[in-house]
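Could you have a look at this structure, given as structure tokens, before my questions?
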Amino acid sequence: MRDVEQIPDEKSPYECFECGRIIIAVDNPTSCPDCGGDMRNRQTPLE
Ligand SMILES: [Zn+2]
């Protein structure tokens, strides 16, 4: 069994709750660059 690889520098897609814009960032953006809405990580584990 192998765990999912975790690469700290991996860029992840984040999706804006407000406008649906998807941006790629290494760190967790707290707000949408377009509308200032909340962002969520689209690669959040499903566990
Ligand atoms: Zn937005």
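Both ligands and their constituent atoms are indexed starting at 1 by order of listing.
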Where do A25 and Y14 come nearest, in terms of heavy atoms and distance?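 In terms of heavy atoms, the two residues are closest at O-CE1, 3.6 Å.
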Determine which pairs satisfy salt bridge (charged side-chain N to carboxylate O under 4.0 Å, His left out) with at least one residue from residues 16-36, sequence neighbours left out, and list them in order.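 Salt bridge (charged side-chain N to carboxylate O under 4.0 Å, His left out) check on residues 16-36 returns R21-D34.
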Are F17 and R40 close enough that some pair of their side-chain heavy atoms sits under 4.5 Å apart?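 Yes, their side chains come closer than 4.5 Å.
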Side chain to side chain donor-acceptor pair (under 3.5 Å) partners for D38, two or more places apart: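 Scan of D38 (side chain to side chain donor-acceptor pair (under 3.5 Å), adjacent residues dropped) gives none.
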Any residue meeting side chain to side chain contact (heavy atoms under 4.5 Å, CB included) with P13, in chain and number order, not counting sequence neighbours: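 Here the qualifying residues are I22, I24, R42, Q43.
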What protein N/O/S atoms are there under 2.8 Å from the Zn ion (ligand 1), waters excluded?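 For the Zn ion (ligand 1), the protein N, O and S atoms that sit under 2.8 Å away are C16 SG, C19 SG, C32 SG, C35 SG.
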Drop me the distance from T30's OG1 to M39's CE, to the nearest 0.5 angstrom.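 Result: 9.5 Å between the selected atoms.
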